[in-house]
Amino acid sequence: MEWQPISSAPFDRDLELAVLDHEGPHALVFPCRRTLHGWLRSEGGSSVDVRPTHWREWREADKP
């Protein structure tokens, strides 16, 4: 699946997020879930303080 704009991210599904930081764009290495109150790590449910720009489906087989 191609990267999608963050405004279209679905709720309550494992997603791969892309963020921009001082080093440029990169994808987070762990799955996240969108909630009404922000982003959570899929495993453990801890809050993730990010402002992602894009998302795509998390595919476990593609990750290290």
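For the salt bridge (charged side-chain N to carboxylate O under 4.0 Å, His left out) criterion with D14, the lone passing option out of R33, R59, R41, R34 is R33.
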(message) As a quick check of understanding, evaluate side-chain hydrogen bond (donor to acceptor under 3.5 Å, both in side chains) for T53 and W3, giving each step before the final call.
(response) CA-CA 9 Å; T53 58; W3 289 105; over 6 Å; no
(message) Run W58 and C32 through side-chain contact (heavy atoms from CB on, under 4.5 Å) and show every step you take.
(response) CA-CA 9 Å; W58 179 266; C32 294; over 6 Å; no
(message) Does V48 form a side-chain contact (heavy atoms from CB on, under 4.5 Å) with F30? I'd like the steps, not just the answer.
(response) CA-CA 11 Å; V48 180; F30 51 86; 4.0 Å; yes
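Summarising the geometry of R51 relative to D49, their closest heavy-atom pair is NH1-OD1, 3.5 Å, with the distance given to 0.1 Å. Scanning both residues, E16 and A27, for their nearest heavy atoms gives OE2-CB, 3.4 Å. Nearest heavy atom pair, residue P10 against residue L15, reads O-CD1, 3.7 Å. Residues R56 and E2 approach most closely at CB-O, 3.8 Å, considering heavy atoms. The two residues I6 and W39 come nearest to each other via the heavy atoms CD1-CZ2, 3.6 Å.
If you chain together hydrophobic residues whose side chains sit under 4.5 Å apart, L17 and L40 never meet in one group. Both V29 and V50 sit in one connected hydrophobic cluster of ILVMFWY residues. Membership requires side-chain heavy atoms under 4.5 Å apart, directly or through other members.
Remark: side-chain polar atoms of W55 are paired, donor with acceptor, to backbone N or O of P5 under 3.5 angstrom.
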